[in-house]
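Here is the structure we will look at, set down as structure tokens.
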Amino acid sequence: MLAACLEFLGLALCLAGSLLVMVACGLPMWKVTAFIDSNIVVAQTIWDGLWMSCVVQSTGQMQCKVHDSVLSLTGDLQTARALTVISAVLAVVALAVTVAGAQCTNCIREETVKVRVVNVGAVLYIVSGLFVLVPLCWMANNIIVDFHDPQVPPSKKREIGAAIYIGWAATALLLLGGTLLVCSLSRGARGASPIKYAPTKTITSNGEFDKKHYV
């Protein structure tokens with residue numbers, strides 16, 4: 001019972017983390033305009049994402065433009081694109097693997113094989129979380145370094161956007177969910193193996209024990 005609860009909770013957290021990874025990948029708010037001047041009333045706000053850049057006017061109108069060339073992007077954006085997409089794909093594969101080996105499904109009959117399959121799914125979820133964590137930290141570090149660099153003009157300075165915070169939350173859910181899935185495979189969670197009783201001895205018609213039970 002404990003193993004099933006841990007498995008369900010871990011799978012739910014990993015599923016939520018996978019959805020957040022996809023949301024963070026699609027949102028254009030990885031870098032946002034930094035308000036560092038005394039005048040906080042600005043005519044427009046700039047959002048920079050992995051796939052597009054958006055300009056939000058003070059009137060509420062928003063215009064977005066998809067990045068035309070991949071080669072024209074900076075190294076951190078190219079890496080973030082690749083690793084985030086790989087992380088999302090790994091999360092989808094991990095979901096299929098984990099569901100196939102879950103205790104609530106009958107895709108696999110043998111218990112030992114179920115344990116191994118769920119273990120593979122848990123590892124895939126953890127790797128997925130690590131893959132998305134790398135571009136998030138790299139991008140955040142570049143934003144902070146550029147923000148404190150006096151040679152960067154104020155109009156070029158950016159702040160950490162909502163997509164990076166969503167990505168960090170997704171990483172935490174994936175790592176925590178994968179860890180719970182691994183813990184659900186432990187013997188303490190699954191309990192001791194069932195006791196196997198020896199077959200009962202039968203008595204023949206003449207009142208003697210059946211000789212087939214003797215070695």
Hey, are the side chains of Arg158 and Ile46 touching, using non-hydrogen atoms and a 4.5 Å cut-off?
yes
Once side-chain hydrogen bond (donor to acceptor under 3.5 Å, both in side chains) is applied, do any residues pair with Asn119, and if so which ones, sequence neighbours excluded?
none
Spacing of NE2 belonging to His67 relative to CG belonging to Asp48, to within rounding of 0.5 Å:
6.5 Å
Tell me, do Arg116 and Val120 make a side-chain contact under 4.5 Å, heavy atoms counted?
no
Closest approach of Ala94 and Leu124, non-hydrogen atoms and distance?
CB-CB, 3.6 Å
To the closest 0.5 Å, what do you measure between CE (Met52) and CH2 (Trp47)?
11.5 Å
All N/O donor-acceptor pairs, side-chain side in residues 162-182, below 3.5 Å, sequence neighbours left out:
{"unit_1": "Thr171", "atom_1": "OG1", "unit_2": "Gly167", "atom_2": "O", "d": "3.0"}
{"unit_1": "Thr179", "atom_1": "OG1", "unit_2": "Leu175", "atom_2": "O", "d": "2.7"}

Tell me the salt bridge (Lys or Arg N to Asp or Glu O under 4.0 Å) pairs involving residues 130-155, sequence neighbours left out?
none
Grab the two heavy atoms, one from Ser184 and one from Glu7, that are nearest each other, plus how far apart they are.
CB-N, 3.8 Å
Would a hydrophobic clustering, with Ile, Leu, Val, Met, Phe, Trp and Tyr connected at side-chain separations under 4.5 Å, put Trp51 with Val21?
yes
If you define the side chain from C-beta out and look only at heavy atoms, does anything of Leu95 sit under 4.5 Å from Tyr125?
yes
Indicate yes or no for a side-chain donor-acceptor contact from Arg81 to the backbone of Leu50 under 3.5 Å, with no hydrogens or angles considered.
yes
With Cys64 via disulfide bond (SG atoms under 2.5 Å apart) - residues at least two apart
Cys54
Shortest non-hydrogen contact from Ile160 toward Val32
O-CG2, 4.2 Å
Between Lys157 (side chain) and Thr33 (backbone), is there a donor-acceptor pair under 3.5 Å?
no
Nearest heavy-atom pair of Lys114 and Ala100: which atoms, and what distance?
NZ-O, 4.5 Å
Heavy-atom nearest pair, Ala122 first then Thr98, reads N-OG1, 4.4 Å
With hydrophobic residues grouped by side-chain heavy-atom distances under 4.5 Å, do Met29 and Met62 end up in a single group?
yes
Check Ser87 against Phe131 and note the closest heavy-atom contact, atom names and distance.
CB-CB, 4.0 Å
Partner set under side-chain hydrogen bond (donor to acceptor under 3.5 Å, both in side chains) for Asn141, not counting sequence neighbours
none
Which distance, rounded to the nearest 0.5 Å, do you find between the CG of Leu20 and the CG of Leu27?
10.0 Å
Joint cluster assignment, Val97 & Val123, ILVMFWY side-chain distance < 4.5 Å:
yes
Same cluster or not: Leu130 versus Leu90, using hydrophobic residues (I, L, V, M, F, W, Y) connected whenever any side-chain heavy atoms lie under 4.5 Å apart?
no
Side chain to side chain contact (heavy atoms under 4.5 Å, CB included), paired with Val99, selected from Val117, Val118, Leu11, Leu15
Leu11
Quick check: is Ile144 connected to Leu133 through a chain of hydrophobic side chains (ILVMFWY, heavy atoms under 4.5 Å apart)?
yes
Under a 4.5 Å cut-off applied to non-hydrogen side-chain atoms, are Met139 and Leu77 in contact?
yes
Only pairs at least two apart or in different chains count here, so list each salt bridge (Lys or Arg N to Asp or Glu O under 4.0 Å) that has a residue in residues 59-72.
Lys65-Asp68
Counting distance only, does the side-chain N/O of Trp30 pair as donor-acceptor with the main-chain N or O of Cys25 below 3.5 Å?
no
